[in-house]
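Beneath this line is the structure, given in structure tokens, with notes to follow.
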Amino acid sequence: MKAMLKSYWLILKHVKMNKILVAFLMGFVTLTSFGQVTSSVDSTDIKIGSAFNFTIKAAANKNSKVVFPDGKAMGPFEVLEQSKIDTILENDRMELIKKYVLTQFDSGSYTLPRMSVYVDGKNHQTNLFDIKVHNVEVDTTKQPMYDIKTQIGSQTDTYKLWKYLIAILLCFAAGVAAYFIIKRIQNKNLTEEDLYKTPLEKVTKKLQLLDSKRLVMSGDVKSYYSEMTDVIRDYIEEVFEIPAKESTSSELIQHLIKTVQEKKIQLSRETVNDLKRVLQTADLVKFAKSEPMMNEIEQDRRVSEVVSVSIDKAIPRFSEEQSERVKLRERRFKKRKQMRTWLPIAVTVLMLFVTGIVYLVQAVKEGAEWSMFESNKSLYNREWVTSDYGFPAVILSTPEALTRVQTPQSDKEKQSSQTSVFTYANLKTQLVIAVGTTATQTNDSLDLKQLYQYKLDMVGKQYGAKDITSNVDEFTQNGIKGIRGKGSFTAQNFISGEAIKLSYEMYIFAQSKGIQEVAVLFKEGDEYGEKINQKVIESIQLNVENSNE
């Protein structure tokens, strides 16, 4: 009993859940020996397609040469897997261990033949093992048969995934298309002033357009100077809000100097003088029929552009010194830019939202489960899974199939017993279902109450459970001894740190081939947690004869 309790303690240390996880546990191995070589199997009864372990151990001197069987088959059994050789050294002796995973896909009684193991060239034989392979029995009176279902959510997640990816790409394409459509409409309805982003861009492009007319080359210098000064006057009028077009050249310069001084614009005196000289030259050409030299014309053209740039630098964009006309132009430009930006984004987001709604509706129609909305009520109402676990097998119905938990055992413990643990733990709904089986030889002297109390003590020590209450009943069902424990305890929530009260119900069964345990843990006061517990307990069947190992 002391060794068995130690085994329980080792396994309980490795099974956890959000609040408390209970585990149950034991082990079985059939062991025989033959000379320097011993062999064992972990089960002599399997179902079609199930696997069992065949272990060979060879004892030899430290420098001995040992050759184990190798191949894809061992008699009537197929070798699924074979492990590397484990070596245990002790003084001048060593023990070599090799494991094989075997299976058979036809029902019947088979014999695993003797296999040859060579130690320093001497042939040693393993034992014979009789293995029964059983058909999978289907009892439709206990569980109705249904058509095979596709995987939940598989059509949405895989088969139709490419359609949703294309839909997402189309959403972004629609946003890009909306951008160009809006931009085209805006450009079509722009005024002449709004064709340019800034006054400097306007004056620069108009001067370039004037150059393209080649008026000077054709001898029309008067028209060239007239258009050039008109462009500059319009620029000054827009920037400084002075009547530049209606003013004479001297009046324009006076208005410009006054405005620069009032608004404290950092425009150099040299720039003003250059502008004055160009305007005076233009007046002479237009009214006095003056004919400047080609280099003078080119210099006046450069001055016109330099003056425009100097004025633009003197009055930064979006500054208080800008004229209302410029500010209005900039506001219109920003509004158009915002529309070109946010409307396409809105179109894309809207279409993505619609695509998401379609995806959700489709997923709900196909029966997909969403963990964020999962509750014990949804677990209780879904289609349950019925399966058998461990050896001696326990048949159980649960919301989802239980998962095997790997439990560490030493070689010595594996020889004396074989333990299997299966659990389902839902952190969100505070639900734990655990099954443990131990294949070992038991007798009537096994104290189930002591075993049950030991488990509760381990829960208290390992997980800080407090205020443990328990009602225990012993019973005998179909010749199998059993004990039922029901109660509650308080434990700390590992995530929030808050204390929560949990209810539990635990069953332990003892038969000649081993021990079986079933436990359900749920939050106290949870109506559907209690219903799940009752449904799980009512589904318990003890498969005394067969094994699923």
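All values below were derived from every heavy atom in this structure, side-chain atoms included, with hydrogens, water molecules and symmetry-related copies excluded.
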Heavy-atom check, side chain of Ile532 versus side chain of Leu431, under 4.5 Å: yes
In chain order, what residues pass the side chain to side chain contact (heavy atoms under 4.5 Å, CB included) check against Ser503, with sequence neighbours excluded? Ser488, Phe522, Glu524
One thing to verify: whether Lys486 and Asp473 come together as a salt bridge, which I'm taking to mean a side-chain N less than 4.0 angstrom from a carboxylate O. no
Applying salt bridge (Lys or Arg N to Asp or Glu O under 4.0 Å), can you list everything that pairs with Lys335, at least two apart in sequence or on another chain? none
Report the relative orientation of the aromatic rings in Tyr389 and Phe422; use parallel for angles under 30°, tilted for 30 to 60°, perpendicular for over 60°. tilted
Ring pair (Phe, Tyr, Trp, His ring centres under 6.0 Å) involving Tyr452 - partner list, sequence neighbours excluded: none
Asn426-Tyr424 side chain donor-acceptor pair, cut-off 3.5 Å: yes
Donor-acceptor check, side chain of Thr341 to backbone of Lys337, threshold 3.5 angstrom: yes or no? yes
List in chain and number order the residues that pass salt bridge (Lys or Arg N to Asp or Glu O under 4.0 Å) with Glu527, two or more places apart in sequence or in another chain; answer none if no residue qualifies. Lys531
Going by salt bridge (Lys or Arg N to Asp or Glu O under 4.0 Å), name the residues that satisfy it together with Glu530, two or more places apart in sequence or in a different chain. none
What residues form a salt bridge (Lys or Arg N to Asp or Glu O under 4.0 Å) with Arg340, not counting sequence neighbours? none
Residues in side chain to side chain donor-acceptor pair (under 3.5 Å) with Ser64, at least two apart? Asp120
Can you check side-chain hydrogen bond (donor to acceptor under 3.5 Å, both in side chains) on Thr87 and Glu95, steps first, answer last? CA-CA 6 Å; Thr87 304; Glu95 184 181 46; over 6 Å; no
Could you walk me through whether Phe509 and Ile540 pass the side-chain contact (heavy atoms from CB on, under 4.5 Å) test, one step at a time? CA-CA 11 Å; Phe509 305 95; Ile540 295 175; 4.3 Å; yes
Would Ile48 and Gln104 count as a side-chain contact (heavy atoms from CB on, under 4.5 Å) here? Give the steps. CA-CA 6 Å; Ile48 289 177; Gln104 172 57 249; over 6 Å; no
Taking atom types as modelled and ignoring hydrogens, do the side chains of Arg93 and Asn61 form a donor-acceptor contact shorter than 3.5 angstrom? yes
Might you work through the side-chain contact (heavy atoms from CB on, under 4.5 Å) test for Tyr118 and Phe68, ending with a clear yes or no? CA-CA 7 Å; Tyr118 294 92; Phe68 286 92; over 6 Å; no
Is Glu505 salt-bridged to Arg484, going by a charged N under 4.0 Å from an acidic O? yes
Can you establish whether the number of heavy atoms outside Met74 located under 6.0 Å from its atom CE is more than 12? yes
Look at atom NZ of Lys535 and say whether more than 12 heavy atoms of other residues, nucleotides or ligands are closer to it than 6.0 Å. yes
Met351: partners by side chain to side chain contact (heavy atoms under 4.5 Å, CB included), with sequence neighbours left out: Cys171, Ala174, Val347
Val101: which residues meet the side chain to side chain contact (heavy atoms under 4.5 Å, CB included) condition with it, sequence neighbours left out? Ala51, Asn53, Leu80, Glu81
Ring pair (Phe, Tyr, Trp, His ring centres under 6.0 Å) involving Tyr179 - partner list, sequence neighbours excluded: none
With a 6.0 Å cut-off on the ring centroids, do Phe52 and Phe77 count as close? yes
Taking atom types as modelled, find out whether Glu517 and Thr437 have a side-chain donor-acceptor pair closer than 3.5 angstrom. no
Verdict with reasoning, Gln82 to Lys98, per side-chain hydrogen bond (donor to acceptor under 3.5 Å, both in side chains): CA-CA 7 Å; Gln82 51 181 299; Lys98 187 162 185 178; 2.9 Å; yes
Residues that Asp130 engages under side chain to side chain contact (heavy atoms under 4.5 Å, CB included), provided they are two or more places apart: Thr111
Quick check: do Lys449 and Glu474 have side-chain heavy atoms less than 4.5 Å from each other? yes
State which residues pass ring pair (Phe, Tyr, Trp, His ring centres under 6.0 Å) with Tyr504; sequence neighbours excluded, sorted by chain then number. Phe489
